[in-house]
There are 2 protein chains.
Amino acid sequence: MTTGSWIAVDAMGGDEGLAVMLAGVAEARRRYDGTHFFLVGDEARIAEGLKKHPNLTANSEIVHAPDVIRGDEKPGAALRRAKTTSMGVAIDLVKQGRAAAAVSSGNTGALMAMAKLSLRTMKGIDRPALAGLMPSLGKHDTVVLDLGANTECDARNLEEFAIMGAAYARTMLDLKSPKVALLNIGTEDMKGTDEIREAAAALRAATHLPLTFEGFIEGDKLSRGDVDVIVCDGFSGNVALKTAEGTARFVADLLRIAFSSSVRSKIGFLISRPATALLRDRLDPNNHNGAVFLGLNGLVVKSHGGANETGVANAIAVAAKSVRDDLATKIAEDLQHFAQTMPAETAEAAA
Amino acid sequence: MTTGSWIAVDAMGGDEGLAVMLAGVAEARRRYDGTHFFLVGDEARIAEGLKKHPNLTANSEIVHAPDVIRGDEKPGAALRRAKTTSMGVAIDLVKQGRAAAAVSSGNTGALMAMAKLSLRTMKGIDRPALAGLMPSLGKHDTVVLDLGANTECDARNLEEFAIMGAAYARTMLDLKSPKVALLNIGTEDMKGTDEIREAAAALRAATHLPLTFEGFIEGDKLSRGDVDVIVCDGFSGNVALKTAEGTARFVADLLRIAFSSSVRSKIGFLISRPATALLRDRLDPNNHNGAVFLGLNGLVVKSHGGANETGVANAIAVAAKSVRDDLATKIAEDLQHFAQTMPAETAEAAA
């Protein structure tokens, strides 16, 4: 048993229940043949559920945890109960080095707090960030971070997010030198906060890193696919990602209302159904599922609470790819290169 | 000539040129019969353009201004040239009391800077805010502020934005007690920054104001129409509005690609064209055009740079309605009521 090929799955977290989680793991197991899974949660229920997935049974091990973190539980309360919960035990398997990554569809705040406390921040990183994937008009999704781990960020945080996000894009999107931009409210040099302008200056100077810094990007360009990584503080990132999700749903709702507004448009809808199905598929959050906590000593992936089987499998794919490509080492190397370009006192502070 | 019925229009600003501006004013003139217009800019060109709009000629007066603010001009440079530009002269007509409002499709940063310097902030207001309209699934648009006038805001700023936004919704949307929410990254009390939590506490306590405080709202709910006014700092507001615009365009692009992906879907598209036209109409930014600077001693409305004739008319409608309903007095009254509920030292500081 090698550490690299084991992923710990919180089988009890999420809104869709154990059966969907197990089906998702089974799908991921088919995609990533060498991967093994710790299925963490109620032993009897997991054993019962596994009967439907004989192929997964051979590649997994049940780890019992009697409790579950509730969706509305506050991070502080969750931390105190960590040791007996499926979420806490899954993270602990990463800490012990038995699993290379943990995946959970449970409470984001609790997962973030537990992962941070248990795994600690990587050397050279001030704050970890949550990085997600957003659909785009380009050939692949766009990486966006931070999505809410840090409501306020200084320039140094944003610079680290850029480096971690670029390393993540190299892994997930198979890019050599991802295009990175800072989210701002204009593209001119003088726009935005001091933090953003300072981070831009530092990233512009760091020309030897495996990333191409593209300056600022505005909210209306996020889905264009012009850049591969979008960097922002956790508040704006959360607002941007959720606004994009909400707007996509809003337009789909309007479309549904429009299509059912007359017999003629209903007929048109039936004929063009393959086209609208294509659209729905492209926008389905399950096809972009899996947000990864970057900057911790160990990999933790957050799957959407309402993810279906495919969504869960995609979140596990994020973990499997990151493990396979050794994302953590990439980040550590790039950070060291970045530190070397900075003025002496800043580099010391970061070491 | 009464002040209340005159609106100053920067006829030269915007990307679409003088002809579109004049056509927009002419359309607004048909909607608001009692309103008169100062058409500010190149006298000879405006006079020539007016030949197409005899009805407008009778209700307008040309005010000559030889220069135009460029779209990429920095606010500082624009301020130095204010006196000879169509934008600056339009604002000055408001300052002199000759016009009740100014409308411009020009450079936002320059307009903001000129309006602030020339008209000054209302008594009791710390910082003015830019309020816009966003399409929603509800019966009417949603007011969103600030859209970028203030990149960073404290609790007091957010509270003032809530009051000004509610007064604006009473005017523009004809509501008695608009539902107001603060944009946040979660709905629980402990979510977000200190500033947001503090503003929420103050607004919750101000129960006698003509608004209903609904707590926090997340990005994915902005278009639902559950609330009438969404309050946030200018950075998040700008990100949210632009992300919503960009995502709507992104989904429309995907739809177009999907509809042209096969002969079958092309036929479906042709049949359902009335339905998709309905959708396009609902999302057209021209139908939600006109962002107003709230909190100044005088009304200034920003029209989108690329607005068409209908868009310009809608921006003028924002000005006309705000003048007719005496928005400024509503804001001043509500501010005074709000100040009375605050602890003595805060109320003093605000006075």
Side-chain angles (χ1 to χ4, degrees), chain A residues 72 74 109 135-137 148 151-152 183-186 188 190 192-193 218-224 232 234-236 238-255 257-262 264-279 282-283, chain B residues 72 74 109 135-137 148 151-152 183-186 188 190 192-193 218-224 232 234-236 238-255 257-262 264-279 282-283:
Chain A
D72 62 350
K74 295 198 174 168
S136 89
L137 276 181
T151 48
E152 283 162 296
L183 180 62
N184 204 344
I185 59 173
E188 303 89 347
M190 23 81 75
T193 60
E218 293 181 81
D220 55 343
K221 309 284 191 311
L222 299 187
S223 316
R224 292 254 301 254
C232 51
F235 194 94
S236 327
N238 188 291
V239 166
L241 192 85
K242 284 184 182 160
T243 301
E245 277 176 20
T247 307
R249 204 161 43 230
F250 166 59
V251 177
D253 284 347
L254 286 184
L255 199 63
I257 294 168
F259 272 134
S260 52
S261 62
S262 71
R264 177 178 165 170
S265 52
K266 277 180 196 162
I267 293 169
F269 173 73
L270 286 174
I271 293 173
S272 51
R273 191 180 279 181
T276 51
L278 209 73
L279 177 74
R282 187 77 174 268
L283 294 175
Chain B
D72 61 351
K74 295 198 174 167
S136 89
L137 277 180
T151 50
E152 283 162 298
L183 179 61
N184 203 344
I185 60 172
E188 304 88 346
M190 22 81 77
T193 59
E218 293 181 80
D220 55 343
K221 309 285 191 310
L222 299 186
S223 316
R224 292 253 302 255
C232 51
F235 194 95
S236 327
N238 188 291
V239 166
L241 193 85
K242 285 185 182 160
T243 301
E245 275 176 21
T247 306
R249 202 159 45 228
F250 167 60
V251 176
D253 285 346
L254 286 183
L255 200 65
I257 293 167
F259 271 131
S260 52
S261 62
S262 72
R264 178 177 165 172
S265 52
K266 276 180 196 162
I267 293 169
F269 172 72
L270 286 174
I271 293 174
S272 51
R273 191 179 278 180
T276 51
L278 209 72
L279 176 74
R282 186 76 175 266
L283 293 175

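Values below: all heavy atoms of this structure, side chains included; hydrogens, waters and symmetry mates excluded. Throughout, protein chains are lettered first and strands after them, A, B, ... in sequence-line order, and every chain is numbered starting at 1. Worth saying up front: this structure is predicted, and the values here are computed from it rather than measured.
Most heavy-atom pairs under 4.5 Å with chain B, from the set A:Ala258, A:Ser260, A:Ser261, A:Ala277: that is A:Ala258. Of the listed residues B:Ser223, B:Cys232, B:Gly186, the one with more heavy-atom pairs under 4.5 angstrom with chain A than any other is B:Ser223. Contacts with chain A were tallied for B:Ser265, B:Gly219, B:Ala248; B:Gly219 has the most, counting heavy-atom pairs under 4.5 Å. Interface check for chain A: of the options B:Pro135, B:Ala244, B:Ser262, the most heavy-atom pairs under 4.5 Å are formed by B:Ala244.
In plain terms, the two heavy atoms of A:Lys242 and B:Ile185 that are nearest each other are NZ-O, 3.4 Å. Looking at every heavy atom in both residues, A:Phe235 comes nearest to B:Leu183 through CZ-O, 3.6 Å. Residues A:Ala240 and B:Val239 approach most closely at CB-CG1, 3.8 Å, considering heavy atoms. Nearest heavy atoms, B:Val251 versus A:Val251: CG1-CG1, 3.6 Å.
Using a 4.5 Å heavy-atom threshold, the side chains of B:Phe250 and A:Leu222 count as separate. By the 4.5 Å heavy-atom criterion applied to side chains, B:Ile257 and A:Leu137 are counted as neighbours. Side-chain contact between B:Thr247 and A:Thr243 is absent, with no heavy atoms from C-beta onward closer than 4.5 Å.
Proximity to chain B is absent for every atom of A:Lys266, based on heavy atoms less than 4.5 angstrom apart. For A:Ser136, the part lying near chain B is the backbone, with the side chain staying farther off; criterion is any non-hydrogen pair under 4.5 Å. When heavy atoms are compared at a cutoff of 4.5 Å, A:Arg249 approaches chain B solely by way of its side chain, counted from C-beta outward. For A:Leu241, no part lies near chain B; criterion is any non-hydrogen pair under 4.5 Å. For a residue to count as touching a neighbouring chain, one of its non-hydrogen atoms must lie under 4.5 Å from one of that chain's; by this rule A:Arg264 touches chain B with backbone and side chain alike. Of the two parts of A:Asp72, neither the backbone nor the side chain holds a non-hydrogen atom closer than 4.5 Å to a non-hydrogen atom of chain B. Proximity to chain B (any heavy atom under 4.5 Å) is restricted, for A:Leu283, to the side chain, taken from C-beta onward.
With sequence neighbours excluded, no residue forms a side-chain hydrogen bond (donor to acceptor under 3.5 Å, both in side chains) with A:Lys221. The salt bridge (charged side-chain N to carboxylate O under 4.0 Å, His left out) test applied to B:Glu245 returns no partner, not counting sequence neighbours.
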